Each structure stands twice: as C-alpha cells, then as structure tokens.
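None of these values were measured; they are calculated from a predicted model. Both ligands and their constituent atoms are indexed starting at 1 by order of listing.
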Amino acid sequence: MAARKLLLLPGDGIGPETMAEVGKVLAVLGRAGSPFETETALVGGAAYDAHGQSISDGDMALAMAADAVLFGAVGGPKWDGVPYEVRPEAGLLRLRKDMALFANLRPAICYPALADASSLKRELVDGLDILIVRELTGGVYFGEPKEIVDLGQGQKRGVDTQVYETYEIERIARVAFELARTRHGKVTSMEKRNVMKTGVLWNEVVSRVGRDEYRDVRLEHMLADAGGMQLVRNPKQFDVIVTDNLFGDMLSDIAAMLTGSLGMLPSASLGAPDSSTGRRRALYEPVHGSAPDIAGTGVANPIAMIASLAMMLRYSFEMTREAEALERAIAAVLEEGTRTADIMAPGCRQVGTAEMGDAVAARFERLLNA
Ligand code: NAD
C-alpha cells in the first residue's frame, strides 16, 4: 500500500520535544504494516528565525500536498517583539486559512485514572467522552465591519460583526451529524436564537439538515449559555455539540477543564473533502501552547500530541482499530501510574517526556499485536 504522507510541523518550545514522541508511535505503525512517510518543516518562531516568515511558501505548499498535517505549538517570549504579520501565531492562522479548515473538533475525554484531577466530582466526569465541533472560519471573529471608530469628544465605538451564511452552517452541521453517527448518535446544537439573528438562522439550518439528511441522529437544541451551565452540571448528557466560532471557543475551554491537564488535550481541524480523493484537508494539534516555562527540560507531557495522532488515524485514514488501540494504550499507561509532572499524583511514578512516549508506544505495540 502507498505510504500515507504526513507533514510534521513541530514549531517552538515543547513542540519539538512532544513531536519526537509521535515518531515512536509511527515506527510501531510501520512495523505493523501501516507505513507513514513523514516530512518535517518549520513553523512559528523557528520559521521566522530561518526565513523571516512564520511559515514559508514552500512549507505551506508541503502542507497543502500532505494527506494530513501534525502541528506542535508555536510562540514564546523570544519572538514577542517581531512584527505583527510574521508573529509565530500567524503561521497557524495561515495554515487554517489556506487549508480552509472550517471545522474544529475538540474531544473532552476524562480518563478514569485522572478523574480526581478534574474540578468536578469524580462521578460527574469519570468516563466522560464528548466532542465539541466548533465552526472555525466564520462568525464574529471574521465578520465585517470590524473596527474602532473615533466619535470625537473622547468617545469611540468598537464594532464586531457576527455573520453566518447558510452554506457555512450546513457544512459544519454535516460534520457534526456524520461524527455523531460514528459515536452515540446524538447532536446538541448551541446558539442564542433568543437574542441573535444568526442564532435563529443557525437553529433553522441545523434543524433542516438534521430532518432532511440525518433522521437517524437525535438532534437537540440548547441556548449556548444554558449549554455552558449544563456542561458543568451534567457533562455526560452530551455526545456531539455543534456551535459557532465564538461560543465554541468558550465552551470547548470549559469542557477542557473538566478533564484535568492541558497536556492531555488533542484537537483536529478539518476542511472540505477533496473532489478527487474524497479526503479532507486536516491539521491535528494539541490544545496547549509552546510552554516556554518548561521547554527544553524534558518534562512536558506528550499525551496531547500522541492523542492528536490518534485523532488523525481515525478522521484522516479511517484506521479506527489503530486509533482505539492508541487511546487504550494511553489509558493503560495512566492506569498503571506512569505520570508526567503535570498529572502527577501520590503513589504514581513520575517520568519525563521521552519515558512517557516509550511507555505509550510499547503498550500500543502490544495492543496492536494482541
Ligand atoms: P501554554 O499552553 O503554553 O502553557 C500553559 C501552562 O500549561 C504552562 O504552565 C505550561 O507549562 C503548561 N503546559 C502546557 N502544555 C503542557 C504539556 N504538554 N505538559 C506539561 N505542561 C504543559 O500556554 P501559555 O503559557 O499561555 O502560552 C505560551 C506560548 O504558547 C505563548 O507564546 C502563546 O502565544 C503560545 N500558544 C500557542 C498555541 C498554539 O501553538 N496552538 C496555543 C496556545 C498558546
């Protein structure tokens, strides 16, 4: 079988350290007969140092040609003073824009071994598995006009515009319904139709797509503020949540904190399916940043990065068996008490980045061969 082509963009800070652990998992897959061809390129501060840009045109072309992109993290105090257009984050924004990644998937999974690290009671989060699907390229972050107008006499007016068109809501709704079909068959759509016109349209379009195309999926609607409350009151009632860019930004951060450490959280951003191959453009990355405070010390938790790889196996390559084995390997390593510093608990064994990567890769190989 032709090798699947991956572009690795480790970036800055702990990005390269955690990306190195991905290599161990890919080596296991190669030995199991699923080879991946990888190429590594620069993004963020590392790209700025080399090319004066946060991602070069050549590396951008590699991203467009790859079957999937794995991204580490960008940024750090070293680049605080660089010009705004070439700041490290601009590399990630260009990738999202040029690859037209309109759907952001943020799972909130609570591993039983870490349930006590949650800010909620164990029984509320133990076994939690929800998926937030956030619209990523529209809404109030991009709508025009977006400006601060000087009104004179010391007064100004700040304006942001929340705007959505039918096709934007249809395509994100379809992503959510399709994903629900592979999970527990339920979608909760969140908006503010009581006070926002975009909310009325969102509700109307999601309802129609559900009725016309996904009768087998249960659809419920919730006002986004009530949704935030329900997320901390009874999070296990949800399966897939679909919402707009702004609400998704906030609700996915709330859901993240239900599960413990930032070092555990993966994400995926998906674009439209390619007309010839049917494969969606896709970028997978941990939710955390470059953690300059611990970069280079070998203590970063690589699980968010490895779990991002598991999402890639599932969503870009339909390698469900391998994705499940990798997620089970992570759970098993945590269960036996192997922990990086950020998730350390009494009675557990503290390890560094490389040792955690070794432990997960070894367990993954055993599970694949079982
Ligand atoms: P951060 O996520 O980098 O770190 C927040 C805290 O969590 C730090 O104390 C850090 O040590 C800890 N942490 C994060 N990931 C960890 C891991 N894998 N293992 C153990 N501990 C971990 O957020 P920040 O400190 O606000 O930002 C640092 C830099 O990262 C900034 O330059 C910021 O702009 C950038 N950033 C980048 C991204 C991205 O690349 N997608 C996302 C967020 C922040």
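Salt bridge annotation for D160-K146: present, with a cationic side-chain nitrogen under 4.0 angstrom from a carboxylate oxygen. Electrostatic pairing of R4 and E37 does not count as a salt bridge here, judged by no charged N lying under 4.0 Å from a carboxylate O. With respect to the salt-bridge test (charged N to carboxylate O, under 4.0 angstrom), the residues R94 and D57 qualify. Ion pairing between D80 and R87 fails under the 4.0 Å rule for side-chain N and carboxylate O.
Side-chain rings of Y164 and W202 approach one another, their centers coming within less than 6.0 Å. The six-membered or imidazole ring of F36 lies near that of F317, with a centre-to-centre distance under 6.0 Å.
Sorted by chain then number, the residues whose non-hydrogen atoms approach ligand 1 to under 4.0 Å are I14, F71, A73, V74, G75, G76, E89, L92, L262, G263, E285, H288, G289, S290, A291, P292, D293, I294, A300, N301, D342.
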